[in-house]
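Heads up, the thing below is written out as structure tokens.
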Amino acid sequence: MKETNSIEVRNLTKKYGKFTSVDSINFEVKEGEVFGFLGANGAGKSTTIKMLCGILEPTSGDASVGGFSVKKEPDKIKRIIGYMSQKFSLYNDLTVNENINFFGGMYGLENSRMDERKKWVIKIANLEGKENTLAKQLSGGFKQRLALGCAVIHEPEIVFLDEPTGGVDPISRRNFWDLINDLSQRGTTVFVTTHYLDEAEYCNRIMMINAGKIIAGGSPKELKTNYLNKTILEIECENVDEAITILDSTGWIDNSAYFGKYIHATISSKENTGERINDLNKLLNEKGIIVKRIDRIMPSLEDVFVNLLEPKEK
Ligand SMILES: Nc1ncnc2c1ncn2[C@@H]1O[C@H](COP(=O)(O)OP(=O)(O)OP(=O)(O)O)[C@@H](O)[C@H]1O
Ligand SMILES: [Mg+2]
């Protein structure tokens, strides 16, 4: 991977009246990398992406995208990027072919180049034989792949994908990510927003945004080691609600949260893990809660995120 920056964001801010949607954020995206922009609903992901695509003017700060300023040269940016928006990506009442013709035409493709790129989109989206199907009749997974194909039909340097896998089943999501990796292998910079933490694991680097502010950044591995210098215990027990209340009252558990049907409890790495597991078994048993197992586990990005959002002073 090259070390040139494709995107440089400097104090980028968007305010709506008194409300600050994106609050002076700073980061860089390297050429050819898959960059994940991670945050909960309302965190500021779409607002940031729209500013980087040159379709929403920042209140202050600036960003350089492919060498152009979003403030001064938004029209130049539009020529070198692809954008798949969160809400709209395809015309439902047009067929697969018509959608591809529309987007190709919009990006200025003609004649043999158009034919060649159309074949490519059909191929990567697995839509051979479905060229005349209406977009609205395609299943979610096909739609997302077609939308991605249309967003990169003109082979842009940088592509912005705003929650591209929302509402799509896990297998289709996996296929979609294979496609994202293919693009990155060819040198395209991929900026993708998600609130699926498992997807963030596939990114080269991630920034986490919360309430308009960057709260952490790095590779998935760096995030897990730098931001979570703690021990995570996974607890499988009955009466999970009651168990969490008991864990919260110990004084030595920094954080406890639901993880599917289990609990993840975070303790300081200074604690003796073996002793603490015994303490927990005893404590929960005393309160009549049957514990099936307590294991020390590797932190996931979700653990990092939960702990960053709910820090507890001890
Ligand atoms: N046009 C607008 N006017 C006022 N507030 C807005 C506007 N657009 C966005 N916001 C607010 O800015 C905040 C960030 O919105 P944004 O859409 O960027 O979040 P997001 O991270 O994309 O969320 P989601 O995961 O739900 O798509 C939200 O609180 C939202 O209500
Ligand atoms: Mg959004």
Side-chain angles (χ1 to χ4, degrees), residues 7-29 34-63 65 70-71 74 77-78 81-90 140-141 143-145 147-148 150-152 158-170 172-173 176-177 180 189-203 205-218 220 223 227 257 300-302 304-310:
I7 303 174
E8 291 180 354
V9 180
R10 297 289 173 254
N11 302 321
L12 193 67
T13 301
K14 183 71 196 178
K15 292 187 179 174
Y16 293 107
K18 283 191 180 146
F19 176 73
T20 306
S21 174
V22 172
D23 195 356
S24 196
I25 59 172
N26 289 282
F27 60 84
E28 294 87 38
V29 179
V34 180
F35 180 91
F37 202 50
L38 198 69
N41 290 335
K45 303 182 295 296
S46 296
T47 308
T48 303
I49 246 185
K50 285 181 206 153
M51 288 193 279
L52 295 181
C53 290
I55 52 181
L56 182 69
E57 202 186 334
T59 310
S60 57
D62 201 352
V65 175
V70 299
K71 247 190 148 142
I77 290 174
K78 285 176 204 149
I81 62 159
Y83 170 49
M84 183 172 159
S85 80
Q86 184 173 1
K87 299 255 158 58
F88 164 81
S89 41
L90 291 171
K143 254 192 199 167
Q144 303 299 82
R145 290 166 73 90
L148 177 62
C150 288
V152 296
I158 307 168
V159 61
F160 291 91
L161 310 172
D162 197 356
E163 293 199 36
T165 58
V168 174
D169 70 72
S172 304
R173 274 171 58 197
F176 193 89
W177 274 88
I180 290 180
T189 306
V190 183
F191 184 107
V192 54
T193 75
T194 182
H195 56 239
Y196 293 119
L197 287 128
D198 58 331
E199 291 191 342
E201 303 266 2
Y202 307 143
C203 299
R205 273 183 335 115
I206 303 163
M207 285 290 143
M208 288 184 173
I209 181 169
N210 182 52
K213 290 195 168 78
I214 300 289
I215 54 167
L223 278 166
Y227 287 90
S300 65
L301 280 175
E302 198 159 346
V304 176
F305 205 41
V306 166
N307 276 276
L308 282 167
L309 291 182
E310 299 174 10

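For this chain, numbers begin at 1 and follow the sequence in order. Indexing begins at 1, ligand by ligand and atom by atom, following the structure's order.
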Measure across Y83 and C53 and return the closest heavy-atom pair with its distance rounded to 0.1 Å.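 Reported closest heavy-atom pair: CD1-SG, 3.8 Å.
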Between P220 and E201, what is the shortest heavy-atom contact and its length?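 Of all heavy-atom pairs spanning P220 and E201, the closest is CG-O, 3.9 Å.
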Under 3.5 Å, side chain of T13 to main-chain N/O of N11, donor-acceptor pair present?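 Flag set: sc T13 to bb N11 pair under 3.5 Å.
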Under 3.5 Å, side chain of K45 to main-chain N/O of A40, donor-acceptor pair present?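 Flag set: sc K45 to bb A40 pair under 3.5 Å.
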Using the rule side-chain contact (heavy atoms from CB on, under 4.5 Å), only one of V190, I81, V192 pairs with F160; which is it?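 The side-chain contact (heavy atoms from CB on, under 4.5 Å) with F160 is passed solely by I81 among V190, I81, V192.
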From T193, does some N, O or S atom reach closer than 2.8 Å to the Mg ion (ligand 2)?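 Coordinating: no.
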Indicate if the distance from the Mg ion (ligand 2) to the nearest N, O or S atom of Q86 falls below 2.8 Å.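 It does: Q86 brings an N, O or S atom closer than 2.8 Å to the Mg ion (ligand 2).
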Near ligand 1, at a heavy-atom separation below 4.0 Å: residues by chain and residue number: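 Contacts of ligand 1 under 4.0 Å: Y16, F19, S21, A40, N41, G42, A43, G44, K45, S46, T47, Q86, E163.
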What orientation do F35 and F27 show, parallel under 30°, tilted 30 to 60°, or perpendicular over 60°?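 Because their plane-to-plane angle is under 30°, the rings of F35 and F27 count as parallel.
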Around K213, counting heavy atoms of other residues, nucleotides and ligands shown, do more than 12 lie under 6.0 Å from its NZ?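 Atom NZ in K213 is not packed in, count stays at 12 or less.
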